[in-house]
Amino acid sequence: MMFVSLGLGTVVAIALIAVVSVLTGGKATPNNGTTSALVGTHVKSFSLGGLNGGTQSAPWTSGRASVLIFFASWCGPCKSEMPKVAAYLRTHDPSPVAVLGIDANDARGAARAFVSKDGVTFPVAFDANGIVTSGVFSFLTVPESVFINAKGVVTRVYFGAIPVKELSQGIKSLKSP
């Protein structure tokens, strides 16, 4: 009887995994922005110290559509994402859309080394304690990318390391009226 229960339990577990895999397209985490409660909400303004000095503020407060790229030097997926994102943004002008990186829950020295190694040329805010990452956006992990229109309304959230094709499409959608 015990072997029948174990066998039945195994079959049910495999069936559930298969159903979840089909429903999510084989992805472990949602990545199309449709499941985020942030989409359609107005994001409050923020200011953080820049990774290399100065202050970085929410670009939409000056009427610019924005892409926020949340990352950290200790994050495995960020290590594969950032070189591709940085290379794309060095060769494709996102204007008039502003791109702002937000390094979260990190050490400043490690963060500086990370962006330097990957050739990041877009501005980066330093969110050492996750005040914006966890507080304003309620993200528990990184990487995440948020697309915000010029009025400060979230239009899309991409969970996980964003492929360049998705970044390009998101920027293009922000440029369209």
Check your understanding: Between D118 and V120, is there a donor-acceptor pair closer than 3.5 Å when you use the side chain of the first and the backbone of the second?
Key -> no
Review point. Backbone N or O of R64 within a donor-acceptor pair of the S66 side chain at under 3.5 Å?
Key: yes
**Study point:** Flag, side chain of D127 to backbone of V132, donor-acceptor distance under 3.5 Å
**Key:** yes
Exercise for review: Identify the two heavy atoms, one from A161 and one from P143, that lie closest to each other, and give their separation to 0.1 Å.
Suggested key: N-CG, 3.4 Å
Point to revise | Those residues that, when tested against H92, pass ring pair (Phe, Tyr, Trp, His ring centres under 6.0 Å) (two or more places apart) | key: Y88
**Study point:** V115 side chain reached by D103 side chain, heavy atoms, under 4.5 Å
**Key:** no
**Study point:** Cluster link V157 to V136, ILVMFWY, side chain under 4.5 Å
**Key:** yes
Point to revise | Any side-chain heavy-atom pair of P94 and L89 under 4.5 Å | key: yes
Point to revise | Spacing of OG1 belonging to T41 relative to CZ belonging to F137, to within rounding of 0.5 Å | key: 8.5 Å
Exercise for review: Without swapping roles, check the side chain of E144 against the backbone of G160 for a donor-acceptor pair under 3.5 Å.
Suggested key: yes
Point to revise | L167 and S145, any side-chain heavy atoms less than 4.5 Å apart | key: no
Check your understanding: Can you tell me how far OG1 of T133 sits from CD1 of I102, rounded to the nearest 0.5 angstrom?
Key -> 6.0 Å
**Study point:** Over all atoms of both residues, closest heavy-atom pair of G119 and A86
**Key:** O-CB, 3.9 Å
Study note, to complete from the structure: So CZ of F147 and CD of Q169: to nearest 0.5 Å the spacing works out to 9.5 Å
Study note, to complete from the structure: Tightest non-hydrogen contact, residues L100 and P123, listed as CD1-O, 3.5 Å
Under 3.5 Å, sequence neighbours excluded: what are the donor-acceptor pairs made by side chains of residues 71-81?
from : atom 1 : to   : atom 2 : distance (Å)
S73  : OG     : D106 : OD1    : 2.8
S73  : OG     : D106 : OD2    : 2.9
W74  : NE1    : N105 : O      : 2.8
S80  : OG     : P77  : O      : 3.0
E81  : OE2    : I162 : N      : 2.9

Point to revise | From Q56 atom CD to L51 atom CG, the distance as rounded to the nearest 0.5 Å | key: 9.5 Å
Revision key, fill the gap. Correct closest heavy-atom pair for T121 and R90 would be OG1-CG, 3.6 Å
Check your understanding: Are the side chains of N149 and W60 in touch, meaning some heavy atoms are under 4.5 Å apart?
Key -> no
Practice item. Might you confirm whether atom NZ of K44 has over 12 heavy atoms from other residues, nucleotides or ligands at distances under 6.0 Å? Key: no
Point to revise | Check: N52 and R112 side chains under 4.5 Å, non-hydrogen atoms | key: yes
Check your understanding: Less than 4.5 Å apart, any side-chain heavy atom of I131 and any of F46?
Key -> no
Exercise for review: Taking the side chain as every heavy atom from C-beta outward, state whether F139 and L38 have any atom pair closer than 4.5 Å.
Suggested key: yes
Exercise for review: Answer yes if V39 and V153 sit in the same cluster of Ile, Leu, Val, Met, Phe, Trp and Tyr residues linked by side chain heavy atoms under 4.5 Å apart, and no otherwise.
Suggested key: no
**Study point:** Student check: side-chain heavy atoms of L174 and R156 closer than 4.5 Å
**Key:** no
